[in-house]
Undergrad: 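Starting off with a structure, shown below.
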Amino acid sequence: MLSFTITFLFGAISAFAAPGTVPRGCGNSPSAGQIAKAEAQYAKDLAAQGFSTDIPVYFHVVRSGTSLAQGNIPNNQIANQISVMNRAYASCGISYTLAGTDWTTNANWYNSAGPDSSYQTAMKSALRKGGANALNIYTVGFKSGSGVGLLGYATLPSDYSGNPTDDGVVMQYSSLPGGTNQNYNMGYTAVHEVGHWCGLYHTFQGGCSGSGDFVSDTPAEASPASGCPTNRDTCSGGGLDPVHNYMDYSYDSCMNQFTPGQCTRMAGQLSTYRGL
């Protein structure tokens, strides 16, 4: 089974920014070959199963010390994050219920648990709970190693069977609602990364040609958006760029939508690979 990690870059994909703005980063950057293989397998595996919208969430707070600046986020921020996710996904009929929270003090994991690192493997091996239907979210600092510059990264539903322990979302603790990450502190980093966990690609996947994000009602986009641009149109003929979509790179304040096509894709991916 093909397995690759989708990361809310901040390192692997070149992020584009308007003058004077800081770009959103996501480390999810599957190759065209990986996408083609995954989509062919998805089309083959798609099954008519019952779809339950309630997803249990296990929240793992990984910190380097006892202060908020060391990643020690409180319960109220976690509750607010779940609320933001529920509002964002309500139009798709998907809801999230906090099933458990734990706090772990481990400076190596907090600082260096980036994509494909031994630290993130050890962290997930020790902390992950539940099966394919359970969303595990790990908050870390991304201070060194492969995670530097990232807001988060996530696995795809089709990854699960090949490596169940790796399944989940790893994200920057300061991007939670009320966090200190300027322009990315309204909780939409989690919404974006969970979108990958539910089977969505970036809206700019593939640029102006090919199958893009495999969703017909998200206009093609040549490159990631930054900030909150108006009348941005980087691919001719398909409509303005979807800068307000949760799967672009816009500021949190600019994000406010999933399309019906994205909702349909998530339902199919969750049903096929997560038994929901």
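Worth saying up front: this structure is predicted, and the values here are computed from it rather than measured.
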Undergrad: Within 45° of the axis and under 6.0 Å from the centre of the six-membered ring of Trp109, does NZ or CZ of Arg63 qualify?
TA: no
Undergrad: Under the side chain to side chain contact (heavy atoms under 4.5 Å, CB included) rule, what do Thr121 and Asp116 come out as? Steps first, then yes or no, please.
TA: CA-CA 7 Å; Thr121 300; Asp116 301 320; over 6 Å; no
Undergrad: What residue among Asn181, Val84, Thr139 forms side-chain contact (heavy atoms from CB on, under 4.5 Å) with Leu176?
TA: Thr139
Undergrad: Against Thr218, only a single residue in Thr203, Thr259, Asp213 fulfils side-chain hydrogen bond (donor to acceptor under 3.5 Å, both in side chains); can you say which?
TA: Asp213
Undergrad: Which residue in the set Asp102, Asn136, Ile137 passes side-chain contact (heavy atoms from CB on, under 4.5 Å) when paired with Tyr58?
TA: Asn136
Undergrad: Decide yes or no on side-chain hydrogen bond (donor to acceptor under 3.5 Å, both in side chains) for Ser144 and Asn111, but give the supporting numbers first.
TA: CA-CA 6 Å; Ser144 62; Asn111 289 318; 5.7 Å; no
Undergrad: If Ile, Leu, Val, Met, Phe, Trp and Tyr residues are connected whenever their side-chain heavy atoms lie under 4.5 Å apart, and connections chain through other members, are Met123 and Phe59 in the same group?
TA: yes
Undergrad: Please work out whether the ring planes of Tyr249 and His192 are parallel, tilted or perpendicular, with thresholds of 30° and 60°.
TA: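 Rings of Tyr249 and His192: tilted, 30 to 60°.
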Undergrad: Is there a side-chain contact between Pro219 and Pro242 in this structure, where contact means two heavy atoms from C-beta onward sitting under 4.5 Å apart?
TA: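 Yes, close enough: below the 4.5 Å cut-off.
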Undergrad: Shortest non-hydrogen contact from Val215 to Gly261?
TA: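 Residues Val215 and Gly261, closest heavy atoms: CG1-C, 3.5 Å.
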Undergrad: If you measure from NZ on Lys143 to CD on Gln172, what distance do you get to the nearest 0.5 Å?
TA: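 The NZ atom of Lys143 sits 6.5 Å away from the CD atom of Gln172.
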Undergrad: Indicate yes or no: at least one non-hydrogen side-chain atom of Phe258 is less than 4.5 angstrom from one of Val191.
TA: yes
Undergrad: For the atom pair OG1 (Thr66) and CH2 (Trp103), what is the distance rounded to the nearest 0.5 Å?
TA: 14.0 Å
Undergrad: Determine whether His196 and His202 make a side-chain contact, defined as any pair of heavy atoms from C-beta on separated by less than 4.5 Å.
TA: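 Answer yes - side chains close enough.
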Undergrad: Return the CG to SG distance between Leu135 and Cys198, rounded to the nearest 0.5 Å.
TA: 7.5 Å
Undergrad: If two hydrophobic side chains count as joined below 4.5 Å and joins carry through other members, does Tyr173 share a cluster with Ile82?
TA: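 Yes, same cluster.
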Undergrad: Starting at CG of Asp241, measure out to CD of Glu221 and round the result to the nearest 0.5 Å.
TA: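 Here the interatomic distance stands at 4.0 Å.
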Undergrad: Apply ring-ring contact (aromatic ring centres under 6.0 Å, His included) to Tyr96 and list each qualifying residue two or more places apart in sequence or on a separate chain.
TA: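 So Tyr96 forms a ring-ring contact (aromatic ring centres under 6.0 Å, His included) with Tyr89.
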Undergrad: Is a side-chain donor or acceptor of Ser271 paired with a backbone partner of Gly268 at a separation under 3.5 angstrom?
TA: no
Undergrad: Below 4.5 Å, heavy atoms only, C-beta onward: do Val194 and Tyr246 meet side chain to side chain?
TA: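 They are not in side-chain contact.
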Undergrad: Between Ser211 and Phe214 (side chain of the first, backbone of the second, donor and acceptor by atom type, cut-off under 3.5 Å), is there such a pair?
TA: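 Answer holds: no.
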Undergrad: Could you measure the distance from the OG atom of Ser175 to the CG atom of Leu150? Nearest 0.5 Å is fine.
TA: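 One finds 11.5 Å between OG of Ser175 and CG of Leu150.
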Undergrad: Walk me through it: do Val140 and Tyr119 pass the test side chain to side chain contact (heavy atoms under 4.5 Å, CB included)?
TA: CA-CA 11 Å; Val140 298; Tyr119 294 116; over 6 Å; no
Undergrad: Give a yes or no on whether a salt bridge exists between Arg232 and Asp248, defined as a side-chain N under 4.0 angstrom from a carboxylate O.
TA: no
Undergrad: Quick one: closest heavy-atom pair of Tyr184 and Ser250, and the distance?
TA: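 In terms of heavy atoms, the two residues are closest at CE2-O, 3.9 Å.
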Undergrad: Hydrophobic clustering (ILVMFWY, side-chain heavy atoms < 4.5 Å, transitive) - are Tyr251 and Leu240 grouped together?
TA: no
Undergrad: Would a hydrophobic clustering, with Ile, Leu, Val, Met, Phe, Trp and Tyr connected at side-chain separations under 4.5 Å, put Phe204 with Val243?
TA: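 Each belongs to a different hydrophobic cluster.
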Undergrad: For the residue pair Asn86 and Ser95, confirm or rule out a side-chain donor-acceptor distance under 3.5 Å.
TA: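 No, because no side-chain N or O of Asn86 sits under 3.5 Å from a partner of the opposite role on Ser95.
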Undergrad: Between Arg128 and Asp166, does any NZ, NE, NH1 or NH2 come within less than 4.0 Å of an OD or OE carboxylate oxygen?
TA: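 The answer is no: the pair does not qualify as a salt bridge.
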Undergrad: If only atom types and distance count, is the side chain of Thr155 paired as donor or acceptor with the main-chain N or O of Gly168 below 3.5 Å?
TA: yes
Undergrad: Can you tell if the side chain of Cys263 reaches within under 4.5 Å of the side chain of Ile94, non-hydrogen atoms only?
TA: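 With C-beta onward as the side chain, the pair stays apart.
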Undergrad: So which heavy atom on Ala154 is nearest to which on Val169, and how close?
TA: CB-CG2, 3.8 Å
Undergrad: Please name the pair of heavy atoms, one in Gly71 and one in Val61, separated by the smallest distance, quoted to 0.1 Å.
TA: O-CG1, 3.3 Å
Undergrad: Do Pro157 and Gln269 have side chains that approach each other closer than 4.5 Å (heavy atoms only, starting at C-beta)?
TA: yes
Undergrad: Taking side chain as C-beta onward, heavy atoms only, is Arg265 less than 4.5 Å from Leu200?
TA: yes
Undergrad: Check step by step if side chain to side chain contact (heavy atoms under 4.5 Å, CB included) holds for Ile55 and Trp197.
TA: CA-CA 12 Å; Ile55 296 175; Trp197 186 86; 4.0 Å; yes
Undergrad: Report yes or no: does Thr189 contribute a side-chain atom to a donor-acceptor pair with the main-chain N or O of Asn185 at less than 3.5 Å?
TA: no
Undergrad: Does the side chain to side chain contact (heavy atoms under 4.5 Å, CB included) test come out yes or no for Gln81 and Met186, once each step is laid out?
TA: CA-CA 8 Å; Gln81 180 64 81; Met186 296 173 64; over 6 Å; no
Undergrad: I need the minimum non-hydrogen distance between Pro115 and Ser146, along with the two atoms involved.
TA: O-OG, 2.9 Å
Undergrad: Could you tell me whether the side chain of Ser117 and the main chain of Ala113 form a donor-acceptor pair under 3.5 Å?
TA: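 Not confirmed, Ser117 side chain does not pair with Ala113 backbone.
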Undergrad: Is there a side-chain contact between Asn72 and Ser67 (heavy atoms, below 4.5 Å)?
TA: no
Undergrad: Which atom pair, heavy atoms only, marks the closest approach of Cys254 to Gly227?
TA: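 Closest heavy-atom pair between Cys254 and Gly227: CB-O, 4.0 Å.
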Undergrad: Pick from Arg274, Lys124, Lys129: which one makes a salt bridge (charged side-chain N to carboxylate O under 4.0 Å, His left out) with Asp167?
TA: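 Passing option: Arg274.
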Undergrad: Under 4.5 Å between side-chain heavy atoms, hopping through other hydrophobics if needed: is there a path connecting Tyr110 to Ile73?
TA: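 Per the 4.5 Å side-chain linkage, Tyr110 and Ile73 are co-clustered.
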Undergrad: So, taking the atom named OH in Tyr153 and the one named CZ in Phe142, what distance separates them when rounded to the nearest 0.5 Å?
TA: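 It comes to 5.5 Å.
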